[in-house]
Each structure stands twice: as C-alpha cells, then as structure tokens.
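Chain letters run A, B, ... following the sequence lines, proteins first and then strands; every chain starts at 1.
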Amino acid sequence: MNNTEIAKVFYDVADLLDLKGENPFKIRAYQKAARSIEHSSVELEQVVKEGKNLREIPGVGEAIEQKIIDLVKTGKLKLFEDPKKEFPKGITTFLDIPGVGPKTANLLATELGITSIEELEAAIVSGRVSKLYRMGDKTAENILHNIQALRRKDQRIPIGEALTVVDEITAQLKDVPGLKNLVAAGSLRRFRETIGDIDLMGTASDAEAVINAFTTLPFVHEIISRGQTKASVRVAGGLQVDLRIMEHEDFGSLLQYFTGSKEHNIILRKRALRQGFSLSEYGITDVKTGELEKFATEEAFYKRLGLQYIPPEIREAGREIEKAAKGEIPRLIELGDIKGDLHVHTDWSDGRDSLEDEAAAAKERGYEYIAITDHSRGLGITKGLDVERLGKQIAAIKELNRKLKGIRVLTGMEVDIHADGKLDMPDEALVKLDFVIASIHSGFNESREKMMGRIIKAMENPNVDMYAHPTCRLLPGREPVAVDMEELFKAALRTGTILEINASPGRLDLKDKHIYRARELGVKMIMSTDSHSVEHLGFMRFDIGIARRGWCEAKDVLNTRPLREFLAALKK
DNA sequence: GCCGTTTTCGGCCCGACTGTTTTCAGTCG
C-alpha cells in the first residue's frame, strides 16, 4: 500500500465523518494527516515495516498512527461499525460534484433517497431538487451544470501547459489602465508539477475595470463568479482561472495569502495568533489594538512575523516555518547556478538541431559545457547510433571543440537498457565517451523485482555515469514503472551512479519528493533537459522549480560545478 | 484527532461569493 492509497483512505474517512456531522476539527485532523501522508518523502509502508516512528509526520498523533499501522498490516481500516447502515447509500459520490458539500450531499441522499449521479440528474430535471429546503432553481441548475463539468473534467494539467495559459492571459491584460503586479500565485507559483486551476493576482486603482476586462477576454468560455474584487472563469478546455485584485500597498500580503499552500498559511496563522496577530490577505492585524498593518512585499510580511523569507516552492507545511524562525532556510538553487546541460539530442538521432547549433545555444545560455547524448541503436524509431556512427560523432565533436571557444562539448550517449539489463552498446565503445546515460524506453510493465534487477545491473556498469528519467512516468498519462525508490537510491550510492532530474515538462522525473529524499541520502544528482531542439534547453527552468521544491541547493547538484570539478565527480 | 515559548485541556485560520433568504448557511480556496 503506497502513500497515495493510504492518504485516500483518510480523505474518505474525513468525508464520512463530515457527513455524520462530526466535530469539524476532527475532520480537519484527518484531512491534515491525509495531506501530510500524501506529500511525505518516505513510504509509510516502509516506515511501518521497520517499526519506526510515524509520529514525526505532522498531523499524525497516537490514534492516526495506530490506524496507519492497522491499514498497512491488514489493508483495511475499521472505523465505522456498519458504514452501510450509518450512511445513506451512494452519498460520497455526490461530494465529487463541485459546489456540493457534505450538507447538500446528505440532504439529497436522505430527502430524495437517490444514490447515483444519474438519479440526481433526473431528480433535478423533474424539479424535485429545487423544492428542497434552502435549494432553488438556480442551485439545482448549477448542480446539473457542475455534473457535466465533472464528466468532461480534464485531469490536472502539467505545469508547462499552465504556464503557457498564464503567459497568454498576462499578455492580453497588460494594457488595462492602472493594472500592476499581475502574477500567478497558487500551486503554479509553488511549482507543483501539475496544476488544478490558475490563480492570478494583481493590484489596481480600479479593480472593477480589471475584472471587467478579465471576464470579457475572448477565450473565456464561462464566468463562474464575478464580484467586486474577484472573478472566476473557465477557459477553453475547462481550465478554471481565478483573478483577485487589490490595492497596490496590499500586494505583499495578497500574494503571500494566495500563494499558499493552504496548510502553510494555516500554520503561519496559528503561529501569528500566539504572537497576537491575525493574518489575512489585507495584512497583519494587531488583535489587541485592531490596527491593520499593510505589506507591499512578501519579504516585509514574513519579516514582521519574525521569519526569514520562505521561497514559494517550499511553502508546503513541512518544516519550512520552524526553519525560517531559526534562520535556517537555505539558499535554494537558481537557474544561474547551472553550468551545463548533460542530456541533449541532435539530428544525429531524433533531435531536430545540429551539434553546432546545440553547442552555440548552450554557450548563449552561459553554460561552460554541454554533453551530446544521442540515442543508441536499439531504439529503432530514433535512428540511434551504432558503434560506427558513434565513432564518427566523437570525431565531429573533437573537431567542433577545436573551433569553439568558451564552451566544451562533451561526448556522450543515452544508451538503452535492454529487458535483461544489458546495455545497447558494447563497453569498448562506451569507455571512449566523456559521459554515459543509461535509461529505459521499453518493457515498462515488468515486475518490481525484474525492473530493479535490470536497472541495478545497468548502474553497476562502470561506464554508466547517470541513470536518466528514473521512473519513466509521463505527465499526464503514463504511470511510473515499478521502481523501488529506496532501493534505487541505495544502489545509486553504492555504485556512484548519478540520478537525473529530467526537466522535460512531460517527465519531471525525479519528482520533488524523490529529490528531497535523494538529497537527504546524499545521492548525486544532475539536472538536465533531454532536449530535442535548441528551444528545449529552456526546460531547465522547470527543473529549477521542482529541485527547489526538493529543497535543493547548488551544492546538491553536480552540474553546478565548473567543468574540471564536474568531470572529477564522475565514475571514471 | 492533534497539539503546546500562555495550555496535557481547550482550543483549533480567514474572507469572498452565491443563492437563499430578510440575516445567513454552504462552499470554496
């Protein structure tokens, strides 16, 4: 049972308690624990097996700890005597509908005796729903509408796509008079790998004018709500975009509040209350005097609370607040720290651009080095290199290095790992290369045991410097292959193999919590783009985002080092 | 159910918007 599955059980428990009308703080406790479990960097099943303490996970106390142990050991959780008797049948399905909370779900199930979404639709059409207490035509219609939205609801979209939407919107709104500081907050700013909706913040002298401009943008499909300072719309494809406008001098507290995460803000507020402050998007209120202090910047806001500035990417209710109180927030890695890209394809295999163009583009980015790592031949579709063409490419790179100044092109290859763990290129060829990547591009459905055997065998090869896109997942769509991350990290440490943080927006692999764990263990990591064209070198900013989420500093990543130090850190 | 630089008991973040009401409950973020 993995963390996601365990978390799901506790989310469900919270829903059921909510339906029962339980103490809301108890419900929140379960939600909080679920959320912590979901984001934990270690697998709980492992922790339970090793008999270690679960109480270090925030929000997990005596009771929930015992429930996690039961759950992991038996696969079940007995919390309700007879859930079927206690809850109207089918009630939890209603909770998935946006705008339907526990109160409404309960009302629908008990008053109308319906159990499915289909029955609910029929009940709305026949007018039975709008006659219920505190319901009306409009509410019923909204529920119907939201059922349809739920059906065509796309999954969370990869951050790469969301950033494109934001770029479009900000470009269209930039000329609205008096609008300033228009930026994305929320999960986008925290750089979560996928985004559920987009939260835009801005400041303006005339909020209403901005709200009007926003809600009448050409690609706005539907207006969900529109108030004086805030509006929510749906754009084509179903993505929800929220805009919130405030006064210029409130920008710091506004941005802080809407960047979240929710849990980060809750902890921050509790802490502030103990200091006699109440926090809101408008600023900090002194509870005794009722006086409101405004903040134009987030830095000033955190400072007022006695905290070091906390970068958005780590505002996830881990240990960031207590660390900030002690001044222990590290300087997280930045784009400017990166000195080279180590995973680049050219038109020698399936890339679009030439060796020369890639080298020039890397130099333009200020890099000291770039490794050319075209595919090996095993990947039929990618016109991969065999020994002979690899030899020619090495010669071409040597020649290029003679001509180039200010950047060193390293020879390399992304060699395929076969199903039996053998590499798709003889060692005599690999040994000549500066940098060798091994990775999997086929046989994704192997069992955990086979998969690990295959990967570890490749890592044990002294010519293999890096194991790339370690879980092979694709966003959205392909689930990670059966990799045991703890075992992988151990093997990486033992063999001195580097793990890649692949920046391709459809991969982001290692992901944030794996990066966090690998860093804790001292596993060597490289951030690289897997470029197939010169534009892709720009994917590095995605890697920076997720590496920061994993609390990475420059020293945790090998390609922040100057060339000589970088080469010295490789296996050979 | 969790948790502690007031507390091992008594608290638990804060505000906007909608739709239904006629002062507010429910939902959301």
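- Comparing A/Phe25 and A/Tyr257 along DNA chain B, the residue whose closest nucleotide (by nearest heavy atom) sits nearer the 5' end is A/Phe25.
- Of all nucleotides listed (B/dG1, B/dC13, B/dC14), B/dC13 comes nearest to the side chain of A/Ile266.
- Taking atom CD1 of residue A/Ile267 and atom C1' of nucleotide B/dC14, one finds them 16 Å apart after rounding to whole Å.
- Remark: the A/Asn212 side chain and the A/Glu208 side chain contain no N/O donor-acceptor pair separated by less than 3.5 Å.
- Checked by atom type, the side-chain pair A/Glu119/A/Thr115 shows a donor-acceptor distance below 3.5 Å.
- Atom CG in A/Asn142 sits roughly 20 Å away from atom P in B/dA25 (whole-Å rounding).
- The CG-C1' distance, from A/Asp18 to B/dG26, rounds to 11 Å in whole Å.
- Straight-line distance between the P atoms of B/dC17 and B/dT23: roughly 23 Å, to the nearest whole Å.
- Listed nucleotides B/dC14, B/dG29, B/dG1 differ in distance to A/Ser280; the shortest reach to its side chain belongs to B/dC14.
- Picking from B/dC2, B/dT20, B/dA16 the nucleotide with the shortest atom distance to the side chain of A/Ala63 gives B/dC2.
- One can place CG of A/Asp250 at 13 Å from P of B/dG15, the figure rounded to the nearest angstrom.
- Of the C1' atoms belonging to B/dG29 and B/dT22, the separation is 28 Å, rounded to the nearest Å.
- For A/Arg244, the listed nucleotide lying nearest its side chain is B/dA16; candidates were B/dG29, B/dG1, B/dA16.
- Of the N and O atoms on the side chains of A/Tyr516 and A/Lys511, not one donor lies less than 3.5 Å from an acceptor on the other residue.
- The A/Arg134 side chain lies nearest to B/dC24 when the options are B/dC24, B/dT18, B/dC2.
- For A/Leu273, the listed nucleotide lying nearest its side chain is B/dC13; candidates were B/dT18, B/dG29, B/dC13.
- Within the 4.0 Å cut-off from OP1 or OP2 of B/dT20, at least one side-chain nitrogen or oxygen of A/Thr139 is found.
- Separating the C1' atom of B/dT6 from that of B/dG1 is a span of 22 Å, rounded to the nearest Å.
- Which of B/dG26, B/dG1, B/dG29 sits closest to the side chain of A/Asn23 comes down to B/dG1.
- Spacing between B/dG19 and B/dG10 at atom C1', rounded to whole Å, works out to 36 Å.
- Between B/dC13 and B/dC3, the two P atoms lie 13 Å apart (nearest whole Å).
- For A/Asn265 and A/Glu263, the side-chain atoms include no donor-acceptor pair closer than 3.5 Å.
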Are A/His264 and A/Glu316 close enough, and set up right, to give a side-chain hydrogen bond (donor to acceptor under 3.5 Å, both in side chains), and what steps lead you there?
CA-CA 6 Å; A/His264 173 88; A/Glu316 294 289 352; over 6 Å; no
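- Note on A/Thr229: only backbone sugar-phosphate atoms sit closer than 4.0 angstrom, heavy atoms only; bases stay farther off.
- At least one side-chain nitrogen or oxygen of A/Tyr282 sits closer than 4.0 Å to the OP1 or OP2 atom of B/dA16.
- With C1' as the reference atom, B/dG11 and B/dA16 are 26 Å apart, rounded to whole Å.
- Using a 4.0 Å heavy-atom cutoff across all strands shown, A/Leu279 reaches sugar-phosphate atoms only and no base atom.
- With a cut-off of 3.5 Å on both pairing distances, B/dT8 has no Watson-Crick or G-U wobble partner at all.
- Taking every side-chain heavy atom of A/Lys103 into account, B/dG26 is the closest of B/dG26, B/dC14, B/dC13.
- Rounded to whole Å, the distance from CZ on A/Phe277 to P on B/dC13 is 18 Å.
- For A/Ile223 and B/dT18, the CD1 to P distance is 11 Å, given to the nearest whole Å.
- Listed candidates were B/dA16, B/dC17, B/dT20. Nearest to the side chain of A/Glu281 is B/dA16.
- Comparing B/dC9 with B/dC14, their P atoms are spaced 25 Å from each other, to the whole Å.
- Atom pair A/Asn265:CG and B/dC12:C1' shows a separation of 16 Å (rounding to whole Å applied).
- Set against B/dC13, B/dT18, B/dC2, the side chain of A/Lys270 has B/dC13 as its closest nucleotide.
- Residue A/Asp137 is in sugar-phosphate contact alone, with no base atom involved, counting any heavy-atom pair closer than 4.0 Å across all strands shown.
- Between B/dT20 and B/dG26, the two C1' atoms lie 10 Å apart (nearest whole Å).
- In this pair, A/Phe191 and A/Phe542 present their aromatic rings tilted. The plane angle is within the 30 to 60° band.
- Using modelled atom types, one finds a donor on one side chain and an acceptor on the other under 3.5 Å when comparing A/Gln46 with A/Glu50.
- An OP1 or OP2 oxygen of B/dG1 is reached within less than 4.0 angstrom by a side-chain nitrogen or oxygen of A/Lys67.
- Side chains of A/Gln308 and A/Tyr302: no donor on one and acceptor on the other come within 3.5 Å.
- Contact check, A/Ser278 against B/dC14: a side-chain N or O comes under 4.0 Å of OP1 or OP2.
- Both A/Arg269 and A/Asp199 sit near DNA chain B, but only A/Arg269 has its closest nucleotide nearer the 5' end.
- Nucleic acid contact class of A/Pro24 (heavy atoms, under 4.0 Å, all strands): none.
- Summarising the geometry, the separation between CZ on A/Arg271 and C1' on B/dC14 is reported as 18 Å, rounded to the nearest angstrom.
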